[in-house]
**Student:** 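Here you go, one structure.
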Amino acid sequence: MKPTHQKIQHWYKKHGRTSLPWRNTSEAYEIYLSEVMLQQTQVKTVLERYYFPFLKKFPTLKALGEAPLDDVLKMWEGLGYYNRAKNLHKTATTIDCLPQNIEALTLLPGIGKNTAHALASFAFKQPVPIMEANVKRILCRLYKLKTPTDKKLWELAYALLDTHNPFDYNQAMMDIGATLCRPKDPDCSLCPLSLICQGKDAPNLYPTKKKRVVPTREQHVMLSVYNDELSLQQRDGKFLHGLWGFEETEVPLCASEYIGEVSHAYTHFKLKCKVYVYHELNREQEHYFSIAQICKLAISKVDEKIVKLYLDTM
Ligand code: SF4
């Protein structure tokens with residue numbers, strides 16, 4: 001074993017997050033679920049609020065495939081990026097068990113090269129590297145790379161991999177990135193990679209940070225109320241597809257009342273909704289729900305905020 005690999009293994013045994021539940025199971029489905037949840041969400045959120053309730057409700061891939069999509073979306077509510085849940089469900093309806101081969105894994109909906117490698121390593125113990133944000137940052141600093149291509153990063157990741165102990169090595173790389181090689185103020189003095197790290201004198205230079213400008217989208221949202229029940233529709237567009245939500249309107253009705261504004265930050269944009277209430281004299285929409293029923297529907301975070309605003313102004 002190379003000295004650096006020895007140091008990494010030693011560090012991982014002492015400081016790694018070895019008790020995470022998805023690191024202590026051999027069930028490919030449980031690891032698959034964790035990988036999908038962790039694609040856009042922090043470990044703490046997944047662990048404290050979503051992973052166990054989801055597994056309790058859908059303990060196997062088969063159980064997930066047999067469940068209605070609405071139930072799956074309800075368990076995903078608040079986690080965001082609902083396409084992840086829909087892709088999980090789609091996979092569960094088409095296969096009984098996950099393939100082990102990386103190429104076959106990437107053919108499944110929602111599984112790209114990174115997730116396929118993570119599944120191959122964590123679920124099937126194959127000697128392949130992983131490439132999530134923490135690992136990318138470490139590689140950039142190790143080799144003083146400011147704007148590397150994906151191809152270059154994969155080449156370096158394969159070259160650095162500990163092929164004798166790939167599972168612990170990959171988990172350790174993620175933990176080193178999360179706890180030592182942080183985006184700001186990395187703690188190089190404690191890092192098991194410091195002996196081979198070329199960028200440790202000025203780690204903040206690697207990789208170059210891109211400045212992101214997040215646009216704001218504005219919407220008018222109409223709450224149609226009939227007999228104390230609110231109208232919601234199941235969304236069929238790309239955005240928040242499958243979730244129930246309130247009607248977006250170009251121009252609010254004259255007879256409607258403005259009750260306030262809610263906003264929500266998504267990764268690629270900020271959404272601002274001006275909210276209006278319209279009391280219908282006759283039933284004009286297709287679906288109406290009481291507040292108690294709305295609480296059981298799968299709705300987005302922004303619609304949750306709209307419900308709260310409505311309740312606060314009643
Ligand atoms: S030595 Fe510092 S910069 Fe290099 S990998 Fe470790 S924490 Fe990151």
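Order of appearance sets the numbers: ligands from 1, and atoms from 1 within every ligand.
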**Student:** Are the charged groups of R23 and D175 less than 4.0 angstrom apart, N to O?
**Tutor:** yes
**Student:** So how many protein N, O or S atoms does atom 2 (Fe) of ligand 1 have within less than 2.8 Å?
**Tutor:** 1
**Student:** Could you tell me if E132 and N114 have a donor-acceptor pair between their side chains, going purely by distance under 3.5 Å?
**Tutor:** no
**Student:** Taking the six-membered ring for Trp, are H241 and Y82 closer than 6.0 Å centroid to centroid?
**Tutor:**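 Aromatic pair excluded; centres sit 6.0 Å or further apart.
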**Student:** Would you say N83 and K86 are linked by a side-chain donor-acceptor pair, where the criterion is simply a distance under 3.5 Å?
**Tutor:** yes
**Student:** Take K62 and E66, measure what salt bridge (charged side-chain N to carboxylate O under 4.0 Å, His left out) needs, and give me the verdict at the end.
**Tutor:** CA-CA 6 Å; K62 188 167 180 289; E66 287 170 357; 2.9 Å; yes
**Student:** Only pairs at least two apart or in different chains count here, so list each ring-ring contact (aromatic ring centres under 6.0 Å, His included) that has a residue in residues 189-214.
**Tutor:**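 Checked against ring-ring contact (aromatic ring centres under 6.0 Å, His included) - neighbours excluded - no pair reaches residues 189-214.
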